[in-house]
Amino acid sequence: MSDIHLHAERPPLDPRPLKKRVGLVILATDHTSEVDFRRMVASETIGVYGARIPYANPTTPENLRKMQPALTAGAALILPGEPLDAICYSCTSASVVIGDAEIEAAIQAAKPAVPVVTPPMAAIRGLRALGAKRISILTPYTVETSRPMAAYFAGHGFDIASFTCLGFEDDREMARIRPAALVDLAREATHPEAEALFISCTALRSTLVAADIERVIGRPVVTSNQASAWNCLRLCGDDTAHPEWGRLMTLPLGLA
């Protein structure tokens, strides 16, 4: 073997490999968030970088709260020492029971000043951007886990015309619900007087059929991953309209 030659000069470096960075903190059991973010957020200019944190089913308020101590360590594992343009904690029900402010504080302890996105807060912003005040809600959860969700949206000023839950306890099974079945469930869950439908849960593959649901129910639908992706894209300065993912994905971000 010949001697190894060390090149005399370093090649020029870009400031970043990609212009924008989105962090994604997800459950160890999550089947859907990474796939949806790869489809909707990742591009030649936006990178999506994930970390998984411990989680054990069943999906109860008690088990959801247990993730809070892991949030700081999970966020710290995403490109350590480098800033992010946004970071999403991809669990709707846990965000509700832990609290948006508590999640933001835990993540910013590892990533100071990073804009933190939670699915329920992204949904609130999305519903407001759509001008919806009276809504229907569909969740895959049990009644026990759905109650905090109802209180969260009511506490943010929404009039809940109807609330339907499916009684699932395992998020891995939630991810297996067929998208076509979600269209039928959405039709049944939408109250005639509702101005929009919110479909909760980052495990559900509802983003795949968001536009189909809108055609069936004749009004906007906001889903957890769709809203989170929309919020992260807009924080990265990407205002491209994607009507194929639902009406929300054509709108600018309002942070009210």
Side-chain angles (χ1 to χ4, degrees), residues 13-125 148 152 171-172 174-175 200-203 224-238 253 255:
L13 304 180
D14 286 329
R16 294 181 174 189
L18 295 175
K19 291 181 180 180
K20 298 291 183 178
R21 302 167 175 160
V22 173
L24 190 61
V25 178
I26 61 175
L27 282 58
T29 51
D30 189 317
H31 283 272
T32 310
S33 295
E34 287 171 320
V35 178
D36 277 352
F37 266 64
R38 183 172 66 244
R39 180 186 300 114
M40 293 189 289
V41 178
S43 69
E44 293 182 357
T45 58
I46 301 176
V48 176
Y49 308 92
R52 289 177 177 258
I53 61 173
Y55 174 71
N57 281 292
T59 300
T60 63
E62 180 183 7
N63 282 348
L64 293 165
R65 287 190 191 96
K66 288 179 181 178
M67 283 188 279
Q68 184 174 356
L71 289 172
T72 302
L77 290 173
I78 302 175
L79 302 179
E82 298 187 72
L84 302 173
D85 297 285
I87 188 167
C88 176
Y89 171 47
S90 193
C91 187
T92 320
S93 50
S95 296
V96 165
V97 299
I98 295 171
D100 292 318
E102 289 78 5
I103 289 168
E104 181 178 67
I107 288 176
Q108 289 183 345
K111 294 289 187 181
V114 65
V116 176
V117 173
T118 71
M121 181 51 68
I124 293 290
R125 291 169 178 164
Y152 179 93
D171 71 314
R172 296 165 298 183
M174 298 174 198
S200 181
C201 191
T202 57
S224 290
N225 287 349
Q226 171 217 46
S228 296
W230 167 76
N231 202 156
C232 289
L233 282 169
R234 300 303 184 252
L235 287 171
C236 287
D238 187 333
L253 175 64
L255 291 176

Practice item. Salt-bridge test for Asp238 and Lys19: reply yes if a basic N is under 4.0 Å from a carboxylate O, no otherwise. Key: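 Salt bridge: no.
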
Next on the checklist: Quick test of your reading of the model: are Glu82 and Lys111 salt-bridged, counting only N-O distances below 4.0 Å?
Outcome noted: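 Result for this pair is no, no salt bridge flagged.
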
Quick check for you: to the nearest 0.5 Å, what is the distance between [X] atom [atom1] and [Y] atom [atom2]?
X: Ser93; Y: Met174; atom1: OG; atom2: CE; answer: 7.0 Å
X: Arg125; Y: Ser228; atom1: CZ; atom2: OG; answer: 10.0 Å
X: Asn231; Y: Gln226; atom1: CG; atom2: CD; answer: 11.5 Å
X: Asp36; Y: His31; atom1: CG; atom2: NE2; answer: 13.5 Å
X: Met40; Y: Cys232; atom1: CE; atom2: SG; answer: 10.0 Å
X: Asp100; Y: Tyr89; atom1: CG; atom2: OH; answer: 11.5 Å

Hey, are Thr59 and Asn57 close enough side-chain-wise for a donor-acceptor pair under 3.5 Å?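 Present: a donor and an acceptor within the cut-off.
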
Which atoms form the tightest heavy-atom contact between [X] and [Y], and what is the distance?
X: Ile53; Y: Leu71; answer: CD1-CD2, 3.9 Å
X: Cys201; Y: Thr92; answer: N-OG1, 3.5 Å
X: Cys91; Y: Leu64; answer: SG-CD2, 4.1 Å

- Does Thr29 have any side chain to side chain donor-acceptor pair (under 3.5 Å) partners at least two apart in sequence or in another chain, and if so, which?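 Result, side chain to side chain donor-acceptor pair (under 3.5 Å) vs Thr29: Asp171.
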
Using modelled atom types and a 3.5 Å cut-off, is there a donor and acceptor pairing between side-chain atoms of [X] and backbone atoms of [Y]?
X: Gln108; Y: Val114; value: yes
X: Asn63; Y: Pro58; value: yes
X: Asp30; Y: Thr32; value: yes

